[in-house]
2 protein chains.
Amino acid sequence: MTIGHEKPSDIFKERLRAARESLRQMSQAALAKESGLPPSSIAHFEAGTRKPSFDSLRKLANALSVTTDFLLGRTHNPEGAAEADPLYRDMQKLNDENRRQAADFMRFLAEKHDKEAGKK
Amino acid sequence: MTIGHEKPSDIFKERLRAARESLRQMSQAALAKESGLPPSSIAHFEAGTRKPSFDSLRKLANALSVTTDFLLGRTHNPEGAAEADPLYRDMQKLNDENRRQAADFMRFLAEKHDKEAGKK
DNA sequence: GATAAACATGTCGAAATCGCCATGACCATC
DNA sequence: GATGGTCATGGCGATTTCGACATGTTTATC
C-alpha cells in the first residue's frame, strides 16, 4: 500500500523532522542556523502549528539538501533533488531503447518480489 | 544556458508562466479552475506581486504536474522530473535491494552508452 | 538536587497572503 | 464600433506567517 492519506501539512511536519533527525542528524538549533530561520519557527513547523512560507520552504530545503517535493510529501524520495539523485541522473543518460530495457528489468524485479512475498 | 542569479521570487513567476503556457498551454482561468485557486491569484503570482503559500504552491504543482522544485527554481528540469517520469516512479516502488539492482543495471546501461558515444 | 541542552508552546505587533471583486488594457473577431 | 476572451492591477477585510521573545517540559549528566 502506498503512503497514506494524511493531510499535506501533517506530512510536511513528519518529513521535516525525518530529514533533520534521521537524514541530517541536526538539532533544531543547528537547522535554524543553517537555514537562517529562527529556532522557534523550526519548532512550529515540526509541531504543525505553522506552515512555511515560500521563502522559508526554500531555505529549509536548501539547508537540508532535500527536495521541496519531499518536504511537501509529493515524492517518497528523501534525498537530493531528482536531478541530484544519482539514479535519476543515470536514467537521464539512457536512450529510448535502454529505457525500455531498464523498464523491463524493473518489472521483472517487481514481479519476482511479489512472488517471494507471497500473499499478505 | 544556465538560469542565472535572479531572485527566487523572480524565478518562480517565470517558471509558473513557462509551465502554464509552453508546457500545458492553459489560460490563467483554466489553471485557476484546475488548481482550485482564484484567477486573480494566478495573475498575481505571474506578475510577481504575490508569492504562493504552502497550500497554493502545492495546488499549482499538482495542477501543472510539475515539481515544486521546478517552480521554485531549484532544478532546471522543465517537466515534473521525478514523479512525472513513469520509469522513475516505478523505481520508487521497489524495495531497497531491488532498487539497488535496478540502479546498477541502469548505471551499466548508461556507461555502455557513454562508451558507444565515444568522446565527450 | 543542580545544570544544561533540546524542544514545546504561546504571545506580540508587523508583514504577507488569502479570496473576492472591480476596473482597465490589449487584442482579436465580428 | 461592439463584443468577448485574456490578463494586469489594486483595494478590501480576514487569515496566516513573520521574527523575537518568554516560559515550561523533558532528558541527560554531573
Side-chain angles (χ1 to χ4, degrees), chain A residues 6-74 78, chain B residues 6-74 78:
Chain A
E6 316 171 72
K7 287 185 300 183
S9 44
D10 289 332
I11 301 183
F12 166 74
K13 66 182 184 187
E14 294 166 6
R15 291 286 170 96
L16 177 60
R17 175 153 300 180
R20 177 181 62 84
E21 287 183 343
S22 307
L23 210 121
R24 285 306 213 219
Q25 284 139 315
M26 308 169 86
S27 66
Q28 288 185 352
L31 176 56
K33 190 163 218 169
E34 187 69 24
S35 63
L37 294 170
S40 62
S41 288
I42 311 290
H44 277 294
F45 292 151
E46 292 188 3
T49 52
R50 280 192 200 171
K51 291 178 287 185
S53 68
F54 180 92
D55 287 324
S56 296
L57 178 63
R58 245 186 134 270
K59 290 175 181 173
L60 289 174
N62 286 340
L64 291 167
S65 295
V66 296
T67 63
T68 55
D69 291 273
F70 170 72
L71 290 180
L72 296 185
R74 301 188 75 242
Chain B
E6 315 172 72
K7 286 183 298 185
S9 45
D10 289 333
I11 300 183
F12 166 73
K13 66 181 184 187
E14 294 166 5
R15 290 290 171 94
L16 177 60
R17 175 153 299 181
R20 177 180 63 83
E21 287 183 344
S22 307
L23 211 117
R24 298 289 279 203
Q25 286 138 316
M26 308 169 85
S27 66
Q28 288 185 352
L31 176 56
K33 190 164 219 171
E34 187 70 25
S35 63
L37 295 170
S40 62
S41 287
I42 311 292
H44 276 294
F45 293 151
E46 293 188 2
T49 51
R50 281 192 197 171
K51 292 178 285 184
S53 68
F54 181 92
D55 287 325
S56 297
L57 179 63
R58 247 187 130 265
K59 290 175 182 173
L60 289 174
N62 286 340
L64 291 167
S65 294
V66 296
T67 62
T68 55
D69 290 270
F70 171 72
L71 289 180
L72 295 185
R74 301 190 73 244

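A, B, ... follow the sequence lines: proteins, then strands. Residue 1 opens every chain.
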Would you indicate what Ile42(A) reaches in the nucleic acid, counting non-hydrogen atoms under 4.0 angstrom: base, sugar-phosphate, or nothing? nothing

Looking only at atom types and distance, does a side-chain atom of Arg24(B) sit under 3.5 Å from a main-chain N or O of Ala19(B), one as donor and one as acceptor? no

Would you mind reading off the distance between Lys13(A) atom NZ and dC7(C) atom P, rounded to a whole angstrom? 16 Å

So which heavy atom on Thr67(A) is nearest to which on Arg74(B), and how close? CA-NH1, 3.6 Å

Atom-pair distance (CZ on Phe45(B); P on dT9(D)), nearest Å: 15 Å

Ser27(B), nearest nucleotide to its side chain (from dG10(C), dG10(D), dC7(D)): dC7(D)

Between dA8(D) atom P and Leu16(B) atom CG, what is the distance in whole Å? 10 Å

To the nearest angstrom, the CZ-P distance between Arg20(B) and dT6(D) comes to 10 Å

For residues 30-38 of chain A, dump all side-chain donor-acceptor pairs below 3.5 Å to protein atoms at least two apart in sequence or in another chain.
unit_1	atom_1	unit_2	atom_2	d
Ser35(A)	OG	Leu31(A)	O	2.7
Ser35(A)	OG	Ala32(A)	O	3.3
Ser35(A)	OG	Leu37(A)	N	3.4

With heavy-atom distances below 4.5 Å as the criterion, would you say the side chains of Pro52(A) and Phe54(B) are in contact? yes

Under 4.0 Å between any heavy atoms, over every strand shown, what does Ala47(B) touch: base, sugar-phosphate, or nothing? Just pick one. sugar-phosphate

Non-hydrogen side-chain atoms of Phe12(A) and Leu60(A) separated by less than 4.5 Å: yes

What is the separation between atom CG on Leu37(B) and atom C1' on dC20(C), rounded to the nearest whole Å? 13 Å

Under 3.5 Å, is there any donor-acceptor pair linking the side chain of Arg50(B) to the base of dG10(D)? no

Exercise: do Ser22(A) and Arg17(A) side chains pair donor with acceptor under 3.5 Å: no

Nearest-Å distance for atom pair CG/C1', residues Asp55(A) and dT17(D): 11 Å

Does a nitrogen or oxygen in the side chain of Arg17(A) sit under 4.0 Å from OP1 or OP2 of dA8(C)? yes

To the nearest 10 degrees, what angle separates the axes at the start and end of the helix from dG1(C)-dC30(D) to dC30(C)-dG1(D), five pairs each? 30°

Reckon Ser41(A) has a side-chain N or O less than 4.0 Å from the OP1 or OP2 of dG19(D)? yes

If you find the nucleotide of DNA chain C closest to Ser40(B) and the one closest to Ser56(B), which residue's nucleotide is nearer the 5' end? Ser56(B)

Can you measure Glu46(A) atom CD to dA8(C) atom P for me and round it to whole angstrom units? 6 Å

Please confirm whether the shortest side-chain N or O distance from Gln28(B) to OP1 or OP2 of dA8(D) is below 4.0 Å. yes

Verify the contact: side-chain N or O of Ser53(A) to OP1 or OP2 of dT17(D), cut-off strictly under 4.0 Å; return yes or no. no

Quickly work out the Phe54(B) CZ to dC18(C) P distance and round it to whole Å. 13 Å

Closest non-hydrogen atom pair, Phe45(B) against Lys13(B): O-CB, 3.3 Å

Comparing Glu21(B) with Pro52(A), nearest DNA chain D nucleotide closer to 5' gives the residue Glu21(B)

Quick one: OG on Ser56(B) to NE2 on His44(B), what's the gap to the nearest 0.5 Å? 12.5 Å

